[in-house]
Amino acid sequence: MNALTRAERAIVQASDPASVAFQLNGREVMAAPGETLLQVAKREGVEIPHLCYKDGLEPAGNCRACMVEIDGERVLAPSCCRQPAKGMKVQTDSPRARKAQGMVLELLQSDMPETAYTRDSELDRWSARLEIGKPRFAPRDPVAADLSHPAIAVNLDACIQCTRCLRACRDEQANDVIGIALRGADAKIVFDMDDPMGASTCVACGECVQACPTGALMPARAAALAVPDKQVQSVCPYCGVGCQLTYHVKDNRIQYVEGRDGPANHARLCVKGRYGFDYAAHPHRLTVPLVRREGVPKRGDAVMDPERAMEVFREATWEEALALAGGGLARIRDTHGKRALAGFGSAKGSNEEAYLFQKLVRTGFGSNNVDHCTRLCHASSVAALLEGIGSGAVSNPVIDVGKAEVVILIGANPTVNHPVAASWIKNAVRNGTKLIVADPRRSDLARFAYRFLQFQPDTDVALLNAMMHVIVTEGLVDRDFIESRTIGYDELERNVAAYSPEAMAPICGIDAETIRHVARLYATAGSAMILWGMGVSQHVHGTDNARCLIALALMTGQIGRPGTGLHPLRGQNNVQGASDAGLIPMMYPDYRRVDDADAAARFEALWGTPLDRQPGLTVVEVMQAIERGEVRGMYIMGENPAMSDPDAQHAREALAALDHLVVQDIFLTETAYLADVVLPASAFPEKTGTFTNTDRIVQLGRQAIDPPGQARQDLWIIQQMAAQLGLDWRYRDVADVFDEMRLAMPSIAGITWERLQREHAVTYPCRAEGDAGEPVIFTDSFPTPSGRARFVPADIVPAAERPDQDYPFVLITGRQLEHWHTGSMTRRAGVLDALEPDPTALVHPLDLAQWGGKPGDVITLASRRGEVALYARADEGTPRGAVFVPFCYYEAAINKLTNSALDPFGKIPEFKYCAIRVTLGGTPPEQSSYGGGQILARAG
């Protein structure tokens, strides 16, 4: 017997006294508390057939393929749900155990279709290992396939009812779509009330597909039957959660995607991460540099049409395009001055691209006129966080919700914008966490909420100040924390005195007793966490909204510990990293102010050139400066302000008025259509670089495929543009850029390129090599000169534009599950476009009925700036008197209506509130040339 020595056993038991020693196939092994026989066997390299078991899912024990023999017991035991006992003797490969395992596999094989749906069937693999031949038993009757869903094919003739799909849907993603109905021989997997998959409430996260061991649930395409040339580990290109994934690649095309066990997702994905990858191979990809044809004017009202691009542009060589692009910018700089140029970088690009882009603007243009989409999402949150606690970063990772007694989620809809993060919230609730959802719209997470506060739009400060009033007047503040770690509390206490729940209830629409109850719950919790989204930040009072959230955490001491803290959920995959890298007009990398003499001197020494000490212009300010003739040339990489900016028609007219516009992108976007030179760039899977997620985790994204045609890596293009502007850069590869970033950014100085290659992900701050990183920060002090956080009082500031007799409704804009940002990528992904092909407005069913309309009717929305027509969708979660519209549809560009009024601190536009009127009817929006599909206006 190859037993553990007495010394080895003593070491194991000393590290965990509750561990158990037992024999496995005649060898003594140790089991940790809670481990099952199957888990120990897997760890020890002993193979036991199993089908219903999957790591991460609760054991079910229903397939019986993992039966083992235990000495002294009359019956075999399922190893997936049996835990070892001290001295137990277990045989996994005895004749009796092998016979039982083989019989189960043979019975299951007899029910399989003649042609497999996947080349990677776990049932086939185990059958081959146990040398199970052709089954002796008659097959069951055929089962018709359900192909009603664009993303997932349902082949129940391959279903073994292991319930892995059910547990993945119910327990992991908490979507509760999949169940098992009927009994005995009639039992089957069903979706909702035995609906076709395509008619169910399935959100196409694909967790069931990833869990299925036989191909009963598969991608709707036959991609999984192809044998990949390679598998590439990378990260998701969409939201800020930063899910790790694996690309399966064949013939330079991504065949399918699977989730990987990363720190933010633990193998989970959403519909975009799993099915939104084929945009990289879309026929609209830019594959050659383009130059505007001589005599073709730039018009802000031009309708973008990729199919007619060559009437506007001609093809050019890279040499000609770069000379025209860089030369035009250099002439404007030399003729009109350094502040006559501006650059917009991208939160979709890597940290290295963001760093080099802002360096190019600061050293090549000579000004700080550089910004990106953070200005349109969380600029006000960052302004408040820097002001209050000295850092714009989140204090705790999202997954910390599982350690919180109470979670406040305000102004955010994670099930749509951060679906994997939403799954952690749902898991936490089912484990006992009390969730408070506060939002003008009722989201899917409201059904998980302990309390749902559907407050009136634009009344965040009234609600939050009322909560603080309760905490102050009832003596629920953490005096020790306030006195030892904060300043400015007395002023805040005086300010909230006038904001009693009784006074604020008529304003915010939440009754006083509910406000009191929620405030007490948060303040008295052992650990409480606040998460928020752009429903908080995208207002003229967005900074004030965030100031209130910060004050709530500070006055109760709910920060600096696991399960506490402040977390503004980042919208794009690298908006955190791009901001960290200095892609903002008032900050160098690591948030050193450009008007700080010491910071400027430091970067002048690092970059070897004098720097402008005046903060630059923000996104909306750039458009206003173009109108005044102050900005005359722009370089835009991967951003689409013609769609994303407020008052988008004004933005388009400004872009068209530029003397010279250079756009670097993968598609001919609405912005690129107005360019003088278009440079074809690399899509996310076509590059290697680092990306920083909403949790401050720096992760490595690896190149999986090559760019098409003459398209080039973004990093190469930026360096070529730098050369055109007279900069002598000598970076050999992306690792060289990262090494320079470590010199510029103390927060990541301890993260080496070699470590990222090895570990894939490291959390910052990580200041010295070998440091583990800090998932939870502000544990002892805040990064302010005094080490203390600051309370900043806030008063009610109304929206810049209120409903009136002419414009009686409120417009709220945002994103939807299937599409992302301006839609340039997701609307060119086949599954995503099929799921949501047409622009829709979500309205309350009673409002729709009052207009005499029904779901699917065309309605026209108009503001003082423009109008759009789109299809109505009834949505009980939208409050009466409001309309919600995603901003991803170019044929119904909703940002033509939004207001460009700015928050005075964060300089963020008021996307979440403007006055509109609604009329039934109008000209239907033109069918998308991105791929199109039939109108899908659902009633619910």
Side-chain angles (χ1 to χ4, degrees), residues 381 384-385 388-389 395 404-412 433-440 446 449-479 481-482 486 488-533 535-537 539 541-559 564-568 789 791-797:
S381 301
L385 288 164
I389 61 179
S395 66
E405 292 180 15
V406 173
V407 170
I408 292 180
L409 177 72
I410 180 169
T433 298
K434 287 184 168 66
L435 174 65
I436 311 299
V437 175
D439 202 288
Y450 173 73
R451 289 289 187 275
F452 171 51
L453 312 183
Q454 190 167 14
F455 62 91
Q456 294 294 324
D458 195 45
T459 63
D460 312 64
V461 169
L463 172 63
L464 297 172
N465 272 351
M467 290 176 62
M468 285 190 278
H469 175 98
V470 174
I471 293 169
V472 169
T473 58
E474 296 188 5
L476 302 177
V477 298
D478 186 334
R479 285 285 176 187
F481 188 92
I482 291 170
T486 71
Y489 173 73
D490 290 343
E491 184 183 356
L492 182 102
E493 184 178 285
R494 288 192 295 271
N495 189 69
V496 301
Y499 288 89
S500 70
E502 289 73 20
M504 294 301 103
I507 296 173
C508 67
I510 305 299
D511 68 272
E513 189 51 43
T514 297
I515 295 174
R516 289 186 181 277
H517 181 73
V518 169
R520 293 167 186 152
L521 188 72
Y522 175 78
T524 59
S527 56
M529 193 171 176
I530 301 175
L531 299 95
W532 72 93
V536 164
S537 60
H539 291 276
H541 50 78
T543 303
D544 284 336
N545 293 346
R547 285 166 172 161
C548 291
L549 297 174
I550 294 165
L552 268 173
L554 295 178
M555 67 168 47
T556 55
Q558 298 285 15
I559 192 167
T564 68
L566 299 159
H567 193 120
F791 287 97
V792 182
D795 288 308
I796 294 174
V797 175

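Worth saying up front: this structure is predicted, and the values here are computed from it rather than measured. Count residues from 1 along the sequence.
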Output for pair (Thr473 OG1, Tyr499 OH), nearest 0.5 Å, gives 15.5 Å
Got a donor-acceptor contact below 3.5 angstrom from the Glu405 side chain to the Ala528 backbone?
no
Residues Pro501 and Arg516: closest non-hydrogen pair is CD-NH2, 3.7 Å
So CE of Met529 and CG of Leu435: to nearest 0.5 Å the spacing works out to 12.0 Å
Closest non-hydrogen atoms of Asp544 and Val461, given as atom of the first, atom of the second and distance, are CB-CG2, 4.1 Å
message: Looking at Thr486 and Ala789, would you say the former's side chain and the latter's main chain have a donor-acceptor pair under 3.5 Å?
response: no
Here the pair of heavy atoms bringing Ala503 nearest to Ala498 is CB-O, 4.4 Å
Between Thr433 and Ala404 the two heavy atoms that sit nearest each other are OG1-O, 2.8 Å
When Leu453, Ile515, Asp458 are each screened for side chain to side chain contact (heavy atoms under 4.5 Å, CB included) with Cys508, the one that passes is Ile515
Practice item. Measure the shortest side-chain to side-chain distance between Ile436 and Val406 over non-hydrogen atoms and say whether it is less than 4.5 angstrom. Key: yes
So, the side chain of Thr459 versus the backbone of Ala462: is there a donor-acceptor pair under 3.5 Å, distance only?
no
Q.
So Ile408 and Met467, do their side chains get closer than 4.5 Å, heavy atoms only?
A. yes
Any side-chain heavy-atom pair from Glu491 and Phe791 closer than 4.5 angstrom?
no
Checklist entry - Does any non-hydrogen side-chain atom of Arg451 lie less than 4.5 Å from one of Lys434? => result no
Between Met468 and Leu552, is the side-chain contact (heavy atoms from CB on, under 4.5 Å) condition met? List the steps. CA-CA 6 Å; Met468 285 190 278; Leu552 268 173; 3.6 Å; yes
### Task
For residues Pro440 and Gln454, determine if any side-chain heavy atom of one lies less than 4.5 Å from a side-chain heavy atom of the other.
no
Just so I know, are the side chains of Gln456 and Ile507 near enough to count as touching, which here means a heavy-atom distance under 4.5 Å?
no
Under the side-chain contact (heavy atoms from CB on, under 4.5 Å) criterion, do Ile410 and Asp439 qualify, and how do the steps go?
CA-CA 6 Å; Ile410 180 169; Asp439 202 288; over 6 Å; no
All heavy atoms of Leu463 vs all of Ala438, minimum pair found to be CD2-CB, 4.4 Å
Between the CZ atom in Phe481 and the CG atom in Leu554, the distance rounded to the nearest 0.5 Å is 6.0 Å
Between Ile471 and Ala523, the two heavy atoms sitting closest are CG1-CB, 3.9 Å
Between Thr514 (side chain) and Ile510 (backbone), is there a donor-acceptor pair under 3.5 Å?
no
Practice task
List the steps, then state whether side-chain contact (heavy atoms from CB on, under 4.5 Å) holds for Asn465 with Asn495.
Solution key: CA-CA 9 Å; Asn465 272 351; Asn495 189 69; 4.1 Å; yes
The reported gap from OG1 in Thr543 to CD1 in Ile550 (rounded to nearest 0.5 angstrom) is 9.5 Å
Does His567 reach the main-chain N or O of Leu531 with its side chain, forming a donor-acceptor pair under 3.5 Å?
no
key: Backbone N/O of Thr564 and side chain of Gln558: donor-acceptor pair under 3.5 Å   = no
ask   = Strictly under 6.0 Å, is that where the ring centroids of His517 and Tyr450 end up?
value = yes
Here the gap from Ser527 atom OG to Ile559 atom CD1, rounded to the nearest 0.5 Å, amounts to 13.5 Å
**Report entry** Side chains of His541 and Asn545, donor plus acceptor under 3.5 Å
**Finding:** yes
Taking atom types as modelled, is there a side-chain donor on Trp532 or Ser537 under 3.5 Å from an acceptor on the other? no
field: Close side-chain approach of Pro568 and Leu385, heavy atoms under 4.5 Å
entry: yes
Quiz item: Hey, are the side chains of Tyr489 and Val477 touching, using non-hydrogen atoms and a 4.5 Å cut-off?
Solution: yes
* So, are Arg520 and Glu513 salt-bridged, with charged N and O less than 4.0 Å apart? -> yes
